[in-house]
Novice: 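There's a structure below that I have some questions on.
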Number of protein chains: 2
Amino acid sequence: MPKDAQANSRTRSDTAVLEDTKALFIRRWGEMGIYWGISRTMAELHALLYISTEPLCTDDIMRQLQISRGNASMNVRSLIDWGLVRRVHLRGDRKEYFAAETDAWYLFETIMRERRRRELEPIGETIGKCVAMLDQSIPQLRGDSRDVAQECQRRLRGMHQFLVTVGSLLNLALDLGEKGMDMLAKMLSEAKSQPDGKS
Amino acid sequence: MPKDAQANSRTRSDTAVLEDTKALFIRRWGEMGIYWGISRTMAELHALLYISTEPLCTDDIMRQLQISRGNASMNVRSLIDWGLVRRVHLRGDRKEYFAAETDAWYLFETIMRERRRRELEPIGETIGKCVAMLDQSIPQLRGDSRDVAQECQRRLRGMHQFLVTVGSLLNLALDLGEKGMDMLAKMLSEAKSQPDGKS
DNA sequence: TCGTCCTTTCAGAAATCACTGAAATCATTG
DNA sequence: CAATGATTTCAGTGATTTCTGAAAGGACGA
């Protein structure tokens with residue numbers, strides 16, 4: 001007889017709902033990971049740690065996600081590199097445990113900072129370099145190729161300007177923090193619903 | 001002797017700068033595509049159309065990116081599905097040509113709408129369902145498992161609330177449009193640099 | 001220092017994703 | 001409607017990414 005046989009069917013089924021809920025969340029977060037440019041497993045691992053109330057060790061992760069030790073180790077490390085997961089040491093236990101940051105705004109900040117560093121900045125730099133190259137080259141050109149180059153320049157500048165605006169809005173969002181963003185969202189909604197005359 | 005041999009070395013080298021610039025832009029945009037969850041080729045194709053002053057046909061694309069007809073066709077279609085590229089018909093030519101939308105703000109709007117539809121909404125729905133499942137289940141639970149479920153619920157609600165805020169800010173951004181966003185960026189910068197007393 | 005327990009690494013296997021090219025389909029013209 | 005030219009599809013192939021499991025590398029206590 002299994003040791004939890006005394007548990008009545010109600011209790012078992014209720015705990016099952018909790019487990020089902022976690023599983024659903026983990027599965028969906030994993031699917032989204034693909035769209036975010038990280039692997040499904042890495043996103044699932046993040047979801048698992050996010051939804052777990054206690055820190056988990058490598059073996060917990062291996063068991064719950066059905067993945068190998070190496071895979072778990074690599075993906076945990078990536079999440080730590082991203083700043084989304086912390087190592088936790090429990091007194092009197094040689095194992096390492098892991099816990100996710102559970103504040104959604106912290107997640108947003110961290111991911112935005114990383115993406116700015118990895119994406120916004122490199123592409124902005126490259127476009128800047130492109131613009132500079134054309135600035136050098138256009139005065140030498142005549143006729144059609146000059147027109148073409150000028151239209152290219154216009155488009156590159158448009159993109160560059162856009163990236164600058166996004167960058168500064170992102171900086172402002174990060175400065176404002178959660179409360180500021182909530183306030184901003186409210187203020188703007190109100191301004192929209194009852195626009196005053198002195199536009 | 002090649003037919004453009006009469007072109008002097010200056011002209012050739014200047015046109016080469018334009019070509020190098022385009023190539024650099026295309027290469028970099030392609031690398032970024034990987035981070036955005038689309039394939040390198042699709043991003044390169046988008047960059048090529050973005051930076052080309054004339055619409056291109058499939059053969060132009062095949063030649064310039066060194067890819068097969070099938071690959072070109074599939075990726076052009078995806079870009080059209082995303083709303084980033086238009087078909088263009090030239091009178092008296094049976095071929096189809098393609099051109100990218102060149103307004104950066106339009107790109108932003110279009111990509112944001114698509115991502116809301118493909119990512120924000122599905123994940124929001126799923127988390128909503130998770131919250132509902134726990135709402136049903138928690139009253140049945142007692143003791144530890146109740147506490148655990150309540151902490152899960154707290155985290156799921158936190159994430160849900162965050163997604164709602166992001167969604168409404170996104171709506172506002174789309175309503176404001178380019179000019180509004182520029183204005184907002186300026187206003188907020190000023191407010192930051194010289195905060196008035198009556199906060 | 002050795003033995004134990006845990007973590008990390010990495011070569012090779014497996015799975016996934018992207019691409020090619022030829023055949024099928026579609027559209028246009030004579 | 002047949003001929004021509006363009007486009008789309010998709011099975012097979014190639015490339016890339018992800019995963020496994022075993023070996024190597026620590027850290028700690030005895």
Novice: Applying a strict under-4.5 Å side-chain criterion to I, L, V, M, F, W and Y, I'd like to know whether B:Leu45 and B:Tyr97 cluster together.
Specialist: no
Novice: According to a hydrophobic-cluster definition based on side-chain heavy atoms being under 4.5 Å apart (Ile, Leu, Val, Met, Phe, Trp, Tyr only), do A:Leu107 and B:Val164 belong together?
Specialist: no
Novice: Check step by step if side-chain contact (heavy atoms from CB on, under 4.5 Å) holds for A:Arg113 and A:Leu170.
Specialist: CA-CA 9 Å; A:Arg113 279 187 219 283; A:Leu170 181 54; over 6 Å; no
Novice: Restricting to nitrogen or oxygen on both sides, can you table the protein-nucleotides 24-29 of chain D pairs closer than 3.5 Å?
Specialist:
{"unit_1": "D:dA27", "atom_1": "N3", "unit_2": "A:Arg94", "atom_2": "NH2", "d": "3.3"}

Novice: With DNA chain C as reference, determine whether B:Asn75 or A:Met74 sits nearer its 5' end, using the nearest nucleotide of each.
Specialist: A:Met74
Novice: Are B:Asp182 and B:Lys179 ion-paired here, with the side-chain N under 4.0 Å from a carboxylate O?
Specialist: no
Novice: Taking a hydrophobic cluster as the set of Ile, Leu, Val, Met, Phe, Trp and Tyr residues connected by side-chain heavy atoms closer than 4.5 Å, whether directly or through intermediates, do B:Leu49 and B:Tyr106 fall within one such cluster?
Specialist: no
Novice: Over all heavy atoms of both residues, which pair between A:Gly83 and A:Thr110 is shortest? Give the atoms and the distance, please.
Specialist: O-CG2, 4.0 Å
Novice: Under 4.0 Å between a Lys/Arg side-chain N and an Asp/Glu carboxylate O for B:Lys129 and B:Glu125?
Specialist: no
Novice: Less than 4.0 angstrom from a charged side-chain N to a carboxylate O is my criterion; do A:Arg27 and A:Glu31 meet it?
Specialist: no
Novice: Are B:Ile38 and A:Trp36 in one and the same hydrophobic cluster, where Ile, Leu, Val, Met, Phe, Trp and Tyr link if side-chain heavy atoms are under 4.5 Å apart?
Specialist: yes
Novice: Would you call the rings of B:Phe162 and A:Trp105 parallel, tilted or perpendicular, taking 30° and 60° as the class edges?
Specialist: perpendicular
Novice: For B:Arg40 and D:dT16, what is the distance between atoms CZ and P respectively, to the nearest whole Å?
Specialist: 8 Å
Novice: Which of residues 45-73 of chain A have a heavy atom under 4.0 Å from DNA chain D?
Specialist: A:Gln66, A:Ile67, A:Ser68, A:Gly70, A:Asn71
Novice: Under 4.0 Å from a heavy atom of chain B: give me the 5'-most and 3'-most nucleotides of DNA chain C that qualify.
Specialist: C:dA18 to C:dT28
